[in-house]
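Inspection log for the structure reproduced underneath, given as structure tokens.
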Amino acid sequence: MRYFLPFFICVVAFAGCGSLPAMPPREPITFDYAPTTEASAGSAEVTFVIVGTQLAKPAQQNTVQTLTNVQVPLFDDFANAMTNDFMEVLNARGYGVTGPYKTYGEIIHPVKEGNDLLLTAEVSFITNRRDIRLGKRSSVMSNCLSPTTTVYYTLVGSVSVICDVKLVLSECLTNEPMWTKNVTLDPFEVQMNSTYPSYTSSDLTSLAVQYGKIQVARLTSISEDTYNTRVFPNCPISVFLEKDNEFHSDLGRALKTQYKEVLGVVYTYLDPREMTIVKNQAVELRKRKVY
């Protein structure tokens, strides 16, 4: 028994030595908007066709990482939900609605001829990751019987995100733009300062091979365990969203707030009085183009 107890203690200690704290679960993110008021069906004498919202691909800038040059599921979900909620907003305003269609080319001629206006949107996301630094957060004894220390690194700092939505109304038969509005919200920041995920030196080397070298210079003015470096300047934000559940959840919650703000502005812009004016202009355009 006297030999068993020390052995048992060592086994228990060994079991915990090489482990890191469990990563929190990934929070499901759902984008949804419900209009607060609804008009009676058909009360607004304008009919719409919806074409799916597109993610824009803005040009790469010197210190800005565009989010739409790689596939990011959160942003895809944002755009897809917007398409569906356009239907709900238009119905709540009392308009007739057809769609949604993925592209204008999918709409058959009788649908184009039988409706007044076509509504679509383009969404762009831009993030600034200049404040992200490499932090040394923990070390793990990898072997209790022959102790060695493995250093783990995390990402520390904030990501600034800008969301811009461009609404476009076109004459349905000719697809000629009649009206555009931009919805630009204030930038927001999402912190990356948790202990999840933890990267080993080999993880960093692997990512650096794919996305660019890391230049590390210790800055004691920041923190003894924080380094002044741009982390993987060419690394898509989707990599960090995939690896870090907490960052994914925080960014998702912030986007949900912005989503409701955007759709609230869209609801205001699609006022029946203004849409009647745009419809009348579209009717005149159609006459000139067709005849």
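Just so you know, residue 1 is the first one in the sequence shown, and it goes up from there.
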### Message
When you measure from the side chain of K279 to the backbone of E45, do you find a donor-acceptor pair of N or O atoms at a distance under 3.5 Å?
### Response
yes

### Verdict with supporting geometry, K112 and T174, side-chain contact (heavy atoms from CB on, under 4.5 Å)
CA-CA 8 Å; K112 297 176 184 178; T174 62; over 6 Å; no

### Message
Let me confirm one number: the CD-CD1 distance from E113 to I107, rounded to the nearest 0.5 Å.
### Response
13.5 Å

### Query
Should V283 and L285 count as side-chain neighbours, where that means a heavy-atom distance under 4.5 Å?
no

### Query
Can V159 be reached from L74 by stepping across I, L, V, M, F, W or Y side chains whose heavy atoms are under 4.5 Å apart?
yes

### Query
Just wondering, do V183 and D164 contact through their side chains at under 4.5 Å, heavy atoms?
no

### Query
Of all heavy-atom pairs between P187 and S160, which one has the smallest distance, and what is that distance?
CB-OG, 4.0 Å

#### Entry: Non-neighbouring partners of E27 that pass salt bridge (charged side-chain N to carboxylate O under 4.0 Å, His left out), sequence neighbours left out
R253

### Query
In Å, rounded to the nearest 0.5 Å, how long is the span from CG of D76 to OG1 of T53?
12.0 Å

### Summary
Separation between CZ (R26) and CZ (F247), nearest 0.5 Å, reads 10.5 Å

### Query
When hydrophobic residues are tied together by side-chain contacts of less than 4.5 Å, even through go-betweens, does V111 share a cluster with L173?
no

### Query
For the side chain of D85 and the backbone of E88, is there at least one donor-acceptor N/O pair under 3.5 Å apart?
no

### Query
Does any non-hydrogen side-chain atom of S43 lie less than 4.5 Å from one of Y95?
no

### Message
Holding to ring-ring contact (aromatic ring centres under 6.0 Å, His included), I want the full list of residues that pass it with Y259, two or more places apart in sequence or in another chain.
### Response
F31, F78

### Message
If hydrophobic clusters are built by linking Ile, Leu, Val, Met, Phe, Trp and Tyr wherever their side-chain heavy atoms come under 4.5 Å apart, do M192 and L255 end up in the same one?
### Response
yes

### Query
Going from CE on M82 to CG on D77, what distance comes out if it is rounded to the nearest 0.5 angstrom?
12.5 Å

### Message
To check you understand the geometry: which heavy-atom pair defines the closest contact between K102 and Q54, and what is its length?
### Response
O-NE2, 3.6 Å

#### Entry: Cluster check M87, V89: I/L/V/M/F/W/Y, side chain < 4.5 angstrom
yes

### Task
Flag the pair E122 and K166 as a salt bridge only when some basic side-chain nitrogen lies within less than 4.0 angstrom of an acidic carboxylate oxygen.
no

### Donor on one side chain, acceptor on other, E274 and W179, under 3.5 Å
yes

#### Entry: T120 side chain to V51 backbone, donor-acceptor under 3.5 Å
yes

### Query
Atom OG1 in T83, atom CD1 in I50: separation rounded to 0.5 Å?
8.0 Å

### Task
Report yes if the side chains of K256 and I29 come closer than 4.5 Å at any heavy-atom pair, otherwise no.
yes

### Task
Indicate the atoms forming the closest heavy-atom contact of V190 with A254, along with that distance.
CG2-CB, 4.4 Å

### Task
Please lay out, stage by stage, how S170 and Y104 fare under the test side chain to side chain donor-acceptor pair (under 3.5 Å).
CA-CA 11 Å; S170 303; Y104 180 76; over 6 Å; no

### Summary
The reported gap from CD in E176 to CG in L169 (rounded to nearest 0.5 angstrom) is 13.5 Å

### Message
Applying side-chain contact (heavy atoms from CB on, under 4.5 Å) to V72 and L241, what does each step give before you reach the verdict?
### Response
CA-CA 8 Å; V72 181; L241 287 169; 3.5 Å; yes

### Message
What I'd like to find out is whether the side chain of L167 reaches to under 4.5 Å of the side chain of T180, using heavy atoms alone.
### Response
no

### Message
Is there a side-chain contact between L55 and F75 in this structure, where contact means two heavy atoms from C-beta onward sitting under 4.5 Å apart?
### Response
yes

### Query
If every non-hydrogen atom of C163 is compared with every non-hydrogen atom of Q258, which pair is closest and at what distance?
CB-OE1, 3.5 Å

#### Entry: Min side-chain heavy-atom separation F188-L251 under 4.5 Å
yes

### side chain to side chain donor-acceptor pair (under 3.5 Å) partner of D116, chosen from T276, N280, T47
T47

### Query
Distance under 6.0 Å and angle within 45° of the ring axis: does K181 meet both against Y269?
yes

### Query
Between C172 and N115, which heavy-atom pair has the shortest distance, and what is it?
CB-O, 3.5 Å

### Message
Contact between F86 and L270 at the side-chain level, heavy atoms closer than 4.5 Å - yes or no?
### Response
no

### Query
Could you walk me through whether E189 and Q191 pass the side-chain contact (heavy atoms from CB on, under 4.5 Å) check?
CA-CA 7 Å; E189 290 190 351; Q191 296 296 317; 4.1 Å; yes

### Query
When hydrophobic residues are tied together by side-chain contacts of less than 4.5 Å, even through go-betweens, does Y267 share a cluster with V265?
yes

### Task
Using a cut-off of 6.0 Å, state whether more than 12 heavy atoms not belonging to D186 lie near its atom CG.
no

#### Entry: Flag for E246-S249: side-chain donor and acceptor within less than 3.5 Å
no

### Message
For T184, is there any backbone N or O sitting under 3.5 Å from a side-chain donor or acceptor partner on N182?
### Response
no

